[in-house]
**Student:** 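For reference, the structure I am asking about is given below.
Chain A is the first sequence line, chain B the second, and so forth, proteins listed ahead of strands; every chain is numbered from 1. Because only heavy atoms are used, hydrogens play no part in the values below, and waters and symmetry mates are left out as well, while side chains stay in.
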Protein chains: 2
Amino acid sequence: MAISRAAKTQRRTRIQEEKEELILEAALDVFSQNGFRGSTIDQIAEAAGMSKPNLLYYFRTKEAIHRQLIDRVLTTWLEPLRVFDADGDPESEIRSYIRRKLEMARDFPRESRLFANEILQGAPRIEDELKGPLKELVDEKAAVIRAWARAGKIARCDPYHLIFSIWSTTQHYADFDVQVRAVLGQAHSGEGRFEDAARFLEALFMDGLRVR
Amino acid sequence: MAISRAAKTQRRTRIQEEKEELILEAALDVFSQNGFRGSTIDQIAEAAGMSKPNLLYYFRTKEAIHRQLIDRVLTTWLEPLRVFDADGDPESEIRSYIRRKLEMARDFPRESRLFANEILQGAPRIEDELKGPLKELVDEKAAVIRAWARAGKIARCDPYHLIFSIWSTTQHYADFDVQVRAVLGQAHSGEGRFEDAARFLEALFMDGLRVR
DNA sequence: CGATAATTTAACCGCTTGGTAAAAGCTTAC
DNA sequence: GTAAGCTTTTACCAAGCGGTTAAATTATCG
């Protein structure tokens with residue numbers, strides 16, 4: 001009898017690596033569109049071009065797929081914040097953080113929506129990650145921002161709410177894409193909307209709406 | 001035999017009105033937490049304190065409940081934008097729009113999440129409302145904002161992206177509540193976080209991050 | 001009260017769901 | 001080539017799903 005995948009500590013075969021990747025890719029499509037409870041193993045299997053039992057040979061449960069996906073996404077998703085540099089110029093650091101987050105919303109909307117779905121539904125499967133690694137990283141960067149404000153390099157403001165506002169404004173273009181397109185209409189729904197958004201957000205965060 | 005509810009054009013009894021309200025209230029809880037596909041009629045029935053067939057006596061399908069809920073929420077949800085006044089002072093109009101949206105995120109988080117769930121999953125049931133009434137309303141208010149910018153009353157900016165950024169920053173506190181709480185920690189997760197958010201957002205939109 | 005209509009319940013149905021068992025087919029290393 | 005392990009398929013299951021039927025119960029009104 002074949003050794004169960006779960007009992008293994010290391011990858012074994014080329015096929016396993018390929019198929020697992022294929023499944024995760026398909027699962028990202030499905031989960032990001034329907035949420036965890038709204039997605040079925042059959043949907044994922046079909047999207048991955050294999051049968052349900054075959055898929056379950058690689059991942060023992062639906063939750064196992066989801067967890068691995070979330071773990072992977074969380075890492076890459078926080079990367080832009082991680083590179084936030086305390087020694088850099090505040091204005092350009094914030095500016096490029098906004099730009100990077102917006103690029104991610106444009107290039108990886110499924111990842112953003114997977115995450116949004118999870119949070120929206122109470123984050124039952126990632127509460128620990130939020131309260132642990134995420135909070136620690138944000139605390140660290142909030143301290144940097146606070147130091148900049150104290151040094152008079154940027155306006156005094158609550159660093160946490162600044163981070164929230166950057167997250168929300170940028171991720172909005174991935175998570176609420178349908179609404180953005182509907183409101184902008186066909187004329188402005190091309191890829192140019194990300195350019196417009198970038199221009200607007202940079203100006204907003206740098207100068208607000210006051211006449212200059 | 002009783003006349004089917006669907007055949008009626010008017011409310012008939014006191015009980016019907018009460019029970020329908022009870023069901024919609026329960027459905028708001030359930031749908032806002034699990035999305036449409038992730039919610040079951042049994043869950044809603046249990047939350048409403050009645051049996052599934054009894055619930056289905058008042059609403060013929062799961063979708064009928066959802067549709068009525070969405071219709072109702074959409075109306076109240078857009079109210080703050082509707083009162084946006086072209087003749088008012090730009091700064092105070094924007095400021096109070098932000099405040100009102102934030103109050104709604106605080107007082108009606110379930111409504112916000114219901115809506116977010118729907119959009120996130122591709123808005124299959126409300127595409128028409130988005131492209132119709134919503135777009136028209138936004139177009140109208142965008143014209144107002146553009147006129148203010150032309151008149152030099154506020155900085156020149158893309159009015160659509162301004163509206164998006166107000167929506168996203170305020171609704172973030174309802175939709176991503178779990179994440180906000182996790183990051184802020186217990187110390188700042190009380191109701192005071194809405195005060196902090198309001199202060200931050202008003203300052204951001206009025207002046208940006210530049211030192212004043 | 002009594003009749004009529006409104007409401008609730010119990011029993012049920014066909015379909016989908018997450019997951020399993022076991023055997024057949026395929027790869028790979030010797 | 002062949003034996004061992006790896007992969008895929010076929011057949012299946014119990015529970016959950018949205019929804020129906022019909023009978024029992026309760027409210028309403030003359």
**Student:** Report the distance from atom CD of A/Gln16 to atom P of C/dT27, rounded to the nearest whole Å.
**Tutor:**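 These atoms are roughly 15 Å apart.
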**Student:** Whole Å only: how far is the CD1 atom of B/Ile65 from the P atom of D/dG19?
**Tutor:**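 One finds 9 Å between P of D/dG19 and CD1 of B/Ile65, rounded.
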**Student:** Once you round it to whole Å, what is the distance between C1' of C/dT20 and NZ of A/Lys62?
**Tutor:**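 These atoms are roughly 17 Å apart.
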**Student:** Write down the distance between CD (B/Glu18) and C1' (D/dT26), rounded to a whole number of angstrom.
**Tutor:**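 After rounding, the reported distance stands at 15 Å.
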**Student:** Nearest whole Å is fine: how far is D/dG18 P from B/His66 NE2?
**Tutor:**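 Answer to the nearest Å: 13 Å.
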**Student:** Are there more than 12 heavy atoms of other residues, nucleotides or ligands under 6.0 Å from atom CZ of B/Arg82?
**Tutor:**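 Result for CZ/B/Arg82: enclosed.
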**Student:** To the nearest Å, give me how far apart CG (B/Asn34) and P (D/dG16) are.
**Tutor:**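 Whole-Å distance recorded here is 16 Å.
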**Student:** Is A/Glu118 salt-bridged to A/Arg125, cutoff N-O under 4.0 Å?
**Tutor:**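 Here A/Glu118 pairs with A/Arg125 in a salt bridge, since their nearest N and O are under 4.0 Å apart.
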**Student:** Do A/Tyr97 and A/Lys141 pass the side chain to side chain contact (heavy atoms under 4.5 Å, CB included) test, and can you show the C-alpha distance, the side-chain angles, and the key distance before you say yes or no?
**Tutor:** CA-CA 12 Å; A/Tyr97 181 53; A/Lys141 299 306 179 181; over 6 Å; no
**Student:** Quickly work out the B/Tyr57 OH to D/dT21 P distance and round it to whole Å.
**Tutor:**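 Spelled out: OH on B/Tyr57 to P on D/dT21 is 16 Å.
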**Student:** As an exercise, state the distance from OG of B/Ser168 to OH of A/Tyr173, rounded to the nearest 0.5 Å.
**Tutor:**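 Separation between the atoms: 7.0 Å.
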**Student:** Distances under 3.5 Å only, N/O to N/O: pair up the protein atoms with those of nucleotides 23-25 of chain C.
**Tutor:**
none

**Student:** Does this structure show an ion pair linking A/Arg193 with B/Asp158, if we count only N-O contacts that are shorter than 4.0 Å?
**Tutor:**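 No.
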**Student:** Should the pair A/Phe164 and B/His172 be assigned to parallel (<30°), tilted (30 to 60°) or perpendicular (>60°) ring geometry?
**Tutor:**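 If you compare the ring of A/Phe164 with that of B/His172, the planes turn out tilted.
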**Student:** Just to verify, what does A/Phe108 make a ring pair (Phe, Tyr, Trp, His ring centres under 6.0 Å) with, not counting sequence neighbours?
**Tutor:**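 Applying ring pair (Phe, Tyr, Trp, His ring centres under 6.0 Å) to A/Phe108 gives none.
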**Student:** Please list, by residue number, the residues of residues 35-56 of chain B whose heavy atoms come closer than 4.0 Å to an atom of DNA chain D; answer none if no residue qualifies.
**Tutor:**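 Heavy-atom cutoff 4.0 Å gives B/Ser39, B/Thr40, B/Ile41, B/Lys52, B/Pro53, B/Leu56.
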**Student:** Is B/Arg67 paired with B/Asp71 through a side-chain N to carboxylate O contact shorter than 4.0 Å?
**Tutor:**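 No.
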